[in-house]
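This report refers to the structure that appears directly beneath it.
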Amino acid sequence: VMGVIETLQLPKDRVAMITPCYSLPLSSVSNGLLHEEGCINVALCGLATIKAFSIVNTCHGDIKPGNMMLTNRDNLVVMIDFGSAVEYGKSISATTPGFPLDKPADGSLSFDLTCLSSSIFVLATGKRLPPTARELTEMLNLELQVAVRASIQIAVACLGDASIDELWIQAQQYV
């Protein structure tokens with residue numbers, strides 16, 4: 001999760017965060033050209049972020065490549081933009097269409113994992129997202145028939161019913 005150095009109060013109940021320099025928003029590589037190591041990095045760092053949020057029963061609510069930044073020193077992927085974050089069970093007021101697929105806009109572990117799976121898919125393939133989680137699972141499984149990729153295996157696992165701890169163990173085994 002992105003570190004904050006300082007916050008500034010802005011008009012209209014807005015806050016600006018001063019953060020360390022992050023050099024690359026991953027939305028710029030949502031065309032399928034991100035190499036497999038980068039996609040694995042997104043998957044593992046995304047799972048770590050979701051696990052951190054889950055410890056405090058909070059849903060990020062807007063996981064997507066545009067809210068993931070590649071750090072310029074450790075090559076870690078950090079999550080930004082917590083404006084949609086809510087406690088589990090609460091309604092998410094605003095989220096980016098497409099990435100949640102057909103999930104209801106209620107804060108949950110499953111909502112964040114679906115958005116992470118969608119993000120991995122677009123970063124790894126550059127293909128357009130389908131409307132449902134079932135269709136995404138089918139598309140991911142077709143990708144695995146072409147080439148076994150750890151990032152795609154992790155994306156499939158995110159759409160299952162494993163706990164976040166089980167997902168972390170599975171992800172390490174895939175890598």
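Counting begins at 1 with the first residue of the sequence.
The aromatic rings of F82 and H60 stand perpendicular to each other, their planes meeting at an angle above 60°, with 30° marking the opposite boundary.
For the residue pair K64 and T96, a side-chain donor N or O sits within less than 3.5 Å of a side-chain acceptor on the partner.
Not one N or O on the side chain of S117 forms a donor-acceptor pair closer than 3.5 Å with the backbone of T114. Between the side chain of N67 and the main chain of D62, a donor-acceptor pair closer than 3.5 Å is present.
How far CG of L167 is from OH of Y174: 8.5 Å, rounded to the nearest 0.5 Å. Residue D112 holds its CG atom at 9.5 Å from OG1 of T58, rounded to the nearest 0.5 Å. One distance of note links CG of L140 with CD1 of I154; it measures 11.5 Å at 0.5 Å rounding. The line from CD1 of I40 to OG of S151 is 6.0 Å long, rounded to the nearest 0.5 Å. Between I50 atom CD1 and C59 atom SG the span is 8.5 Å, to the nearest 0.5 Å. The SG atom of C45 sits 5.0 Å away from the CG atom of L76 when rounded to the nearest 0.5 Å.
Counting heavy atoms from C-beta outward, K127 and E143 have side chains that approach closer than 4.5 Å. Side-chain contact check for L101 versus T132: every heavy-atom pair is 4.5 Å or farther apart. Side-chain contact between L113 and I164 is present, with heavy atoms from C-beta onward closer than 4.5 Å. V122 places a side-chain heavy atom less than 4.5 Å from the side chain of P65. Inter-residue side-chain proximity for L70 and N41 is flagged as met; some heavy-atom pair is nearer than 4.5 Å. Contact check for V148 versus Q153: side-chain heavy atoms found under the 4.5 Å cut-off.
Two different hydrophobic clusters hold I152 and L33 under the rule that ILVMFWY side chains link at heavy-atom gaps under 4.5 Å. Under a hydrophobic clustering in which Ile, Leu, Val, Met, Phe, Trp and Tyr are joined whenever their side-chain heavy atoms come within less than 4.5 Å, directly or via other members, L136 and L142 fall into different clusters.
In this structure E36 satisfies the salt bridge (charged side-chain N to carboxylate O under 4.0 Å, His left out) test together with R149, sequence neighbours excluded.
Other members of the cluster containing F111 are V86, I92, with ILVMFWY side chains joined at under 4.5 Å, either directly or via other members. Summarising the hydrophobic clusters (Ile, Leu, Val, Met, Phe, Trp, Tyr; side-chain heavy atoms under 4.5 Å, direct or chained), the residues clustered with I169 are none.
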Are S118 and I63 close enough, and set up right, to give a side chain to side chain contact (heavy atoms under 4.5 Å, CB included), and what steps lead you there? CA-CA 9 Å; S118 296; I63 293 176; over 6 Å; no
Side chain to side chain contact (heavy atoms under 4.5 Å, CB included) evaluation trace for K90 with N57: CA-CA 11 Å; K90 304 269 178 151; N57 293 314; over 6 Å; no
Determine, step by step, whether L116 and F99 satisfy the side chain to side chain contact (heavy atoms under 4.5 Å, CB included) criterion, reporting the C-alpha distance in whole Å, the side-chain angles of both residues, the deciding distance to 0.1 Å, and the verdict. CA-CA 8 Å; L116 177 61; F99 290 94; over 6 Å; no
Working note: V78 + M68, criterion side chain to side chain contact (heavy atoms under 4.5 Å, CB included); need CA distance, chi angles, decisive distance, verdict. CA-CA 6 Å; V78 295; M68 298 174 180; over 6 Å; no
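When all heavy atoms of L129 and F121 are compared, the closest pair comes out as CD2-CD2, 3.7 Å.
No salt bridge links R134 with D102; every basic N to acidic carboxylate O contact stays at or beyond 4.0 Å.
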